[in-house]
Amino acid sequence: MDTLLDLSDRLYLDVADFAHATPHWFQWLAEVWTEAGLLLFGVLFLAGWWRARGGSSRAMSLALLAPLATAFGYVVSEALKSLVDEERPCRAVAGAPASLIACPPHGDWSFPSNHSAIAGAAAIALALSWRGIVWLTVPMALLMAFSRVFVGVHYPHDVTVGLLLGALVAFLVMRAAARPVGSLVETARSSRNPAVLWCAGRGPRVHAAPWAEEPRRARHGAY
C-alpha cells in the first residue's frame, strides 16, 4: 500500500512540474475546466431530457435518472471522503510546487475526488441514456480527473478512485431504477395536465392506421 502511495506522490510531483512548465494560457484553461467543466455535463443532461421527450418511456426514464444517478455518485464519494480524512497533496507533499488554484482548507479532504466522482457518474449515466454520446462524455470525465491533479489539489489515486466509484454508483442506480421510473413516466404521459405532459413528453408519434386515411381520401376523390 505504501508503495502505491509513494508512486502516487511521484506522479503528482511529475504532473505538478509539468503544469508549471506549460504556458499561462494553458494553465488558465485547466483552471476554468476543472470547475466549469461540470456545467457542461449539466447542459448535456438538459439536452438528453429534451431529446427523450419524443422517445419511449424507457428513454425518458433514463434521461431523468442520469442527473439523479450522478447526484448519488457525489453523495457516496462525499461519505467516503469524510471517513478517510486524507490531506490534500498541495499541503502534504514535500517539495511540491504551489498549486495553480487555492489549496482547499484543512478539513476539505482529498480522497476521493468529488469532481472526478461526479464526472465519472455523469459520463456513464449519459452514455446509458443517450446512445453514442459515450465518445464525448468519457473523454470529458478523464479530462476533468486529470485537471484536478494538474491544478494541484488531488493525488492521482484520488481521481482514479473517484472516477471508478462515480461510474459504478451511476451504473447501479440506472439499472435498478429504470423500470419503476419508466412506469412513472408512462403515468405522467397519460396525464391531462399540460405542465406534466410538457415535462414528460408525449413520447413517439403514433401514426394513423392505413384505413384511417380512407375518409380523407374519399373527400378528395383519391380512389
Side-chain angles (χ1 to χ4, degrees), residues 1-22 26-27 29-41 44 66 69-97 99-104 106-128 133-175:
M1 184 65 176
D2 289 341
T3 301
L4 291 175
L5 293 179
D6 290 341
L7 176 60
S8 191
D9 282 2
R10 291 196 297 270
L11 287 174
Y12 172 79
L13 287 171
D14 289 342
V15 174
D17 289 339
F18 167 71
H20 279 268
T22 58
F26 190 84
Q27 295 176 14
L29 286 177
E31 293 171 27
V32 170
W33 173 255
T34 199
E35 296 295 344
L38 296 180
L39 295 178
L40 183 53
F41 280 113
L44 291 176
T70 301
F72 268 93
Y74 165 75
V75 170
V76 173
S77 174
E78 181 63 25
L80 181 58
K81 183 189 290 282
S82 65
L83 294 175
V84 176
D85 294 358
E86 177 190 76
E87 188 59 271
R88 296 276 180 165
C90 43
R91 186 175 294 107
V93 177
S99 55
L100 298 183
I101 63 175
C103 190
H106 178 74
D108 186 350
W109 307 116
S110 188
F111 179 88
S113 164
N114 282 344
H115 281 69
S116 299
I118 293 171
I124 295 303
L126 283 165
L128 291 174
I133 205 173
V134 64
W135 303 111
L136 173 61
T137 59
V138 168
M140 283 174 57
L142 293 174
L143 188 58
M144 172 60 67
F146 177 75
S147 74
R148 300 305 288 167
V149 182
F150 185 92
V151 299
V153 295
H154 276 293
Y155 292 101
H157 67 268
D158 295 339
V159 300
T160 301
V161 172
L163 279 174
L164 295 176
L165 179 65
L168 176 61
V169 171
F171 176 80
L172 294 176
V173 170
M174 297 286 281
R175 288 294 299 270

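All values below come from the heavy atoms of this structure, side chains included, with hydrogens, waters and symmetry mates left out. Quick caveat, the model's predicted, so the values are computed rather than measured.
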- Please name all residues satisfying side-chain contact (heavy atoms from CB on, under 4.5 Å) with A119, sequence neighbours left out, ordered by chain then number. F41, A141, M144
- Sequence neighbours excluded, the answer for side chain to side chain donor-acceptor pair (under 3.5 Å) partners of T70 is none
- Only counting residues at least two apart or in another chain, list the ones meeting ring pair (Phe, Tyr, Trp, His ring centres under 6.0 Å) with W33. none
- Item | Taking every non-hydrogen atom, the tightest pair across S77 and L165 | CA-CD2, 3.8 Å
- Message: Quick check for you: to the nearest 0.5 Å, what is the distance between H20 atom NE2 and Q27 atom CD?
- Response: 6.5 Å
- Please collect all salt bridge (Lys or Arg N to Asp or Glu O under 4.0 Å) contacts where either partner lies in residues 134-149, sequence neighbours excluded, each pair once. E35-R148
- Item | From T22 atom OG1 to L29 atom CG, the distance as rounded to the nearest 0.5 Å | 9.5 Å
- Under the side-chain contact (heavy atoms from CB on, under 4.5 Å) test, which residues partner S99, sequence neighbours left out? C90, C103
- Exam field: side chain S110 to backbone R88, donor-acceptor pair closer than 3.5 Å: no
- Message: Side chains of Y74 and N114, heavy atoms from C-beta outward: is any pair under 4.5 Å?
- Response: yes
- List in chain and number order the residues that pass side-chain contact (heavy atoms from CB on, under 4.5 Å) with A96, two or more places apart in sequence or in another chain; answer none if no residue qualifies. Y12, L13, V93
- Item | Spacing of T34 atom OG1 and L143 atom CG [to the nearest 0.5 Å] | 9.0 Å
- What's the verdict on side chain to side chain contact (heavy atoms under 4.5 Å, CB included) for H115 and V153, showing C-alpha distance, side-chain angles and the deciding distance? CA-CA 11 Å; H115 281 69; V153 295; over 6 Å; no
- Message: As an exercise, state the distance from CE of M174 to CG of L126, rounded to the nearest 0.5 Å.
- Response: 8.0 Å
- Task: With sequence neighbours excluded, tell me which residues meet salt bridge (charged side-chain N to carboxylate O under 4.0 Å, His left out) with D17.
- Result: none
- Query: Can you tell me how far the CG atom of L83 sits from the CH2 atom of W109, to the nearest 0.5 Å?
  - Reply: 12.5 Å
- Please list, chain by chain and in numerical order, all residues satisfying salt bridge (charged side-chain N to carboxylate O under 4.0 Å, His left out) with E78, sequence neighbours excluded. none
- Query: What distance separates E31 CD from S147 OG, expressed to the nearest 0.5 Å?
  - Reply: 10.5 Å
- Paired with M140, the side chain to side chain contact (heavy atoms under 4.5 Å, CB included) test is passed by just one of L38, I133, L44, namely L44
- Give the ring-plane orientation class for F150 versus F18, where under 30° counts as parallel, over 60° as perpendicular and anything between as tilted. perpendicular
- Who are the ring pair (Phe, Tyr, Trp, His ring centres under 6.0 Å) partners of F111, not counting sequence neighbours? H157
- By side-chain contact (heavy atoms from CB on, under 4.5 Å), L172 pairs with (sequence neighbours left out) L168
- Summary of salt bridge (Lys or Arg N to Asp or Glu O under 4.0 Å) pairs that have at least one residue in residues 155-173, sequence neighbours excluded: none
- Considering non-hydrogen atoms only, spot the tightest contact between V161 and P112 and give its length. CG1-CB, 4.2 Å
- Query: For R91, which residues count as a side chain to side chain donor-acceptor pair (under 3.5 Å) partner, sequence neighbours excluded?
  - Reply: E87
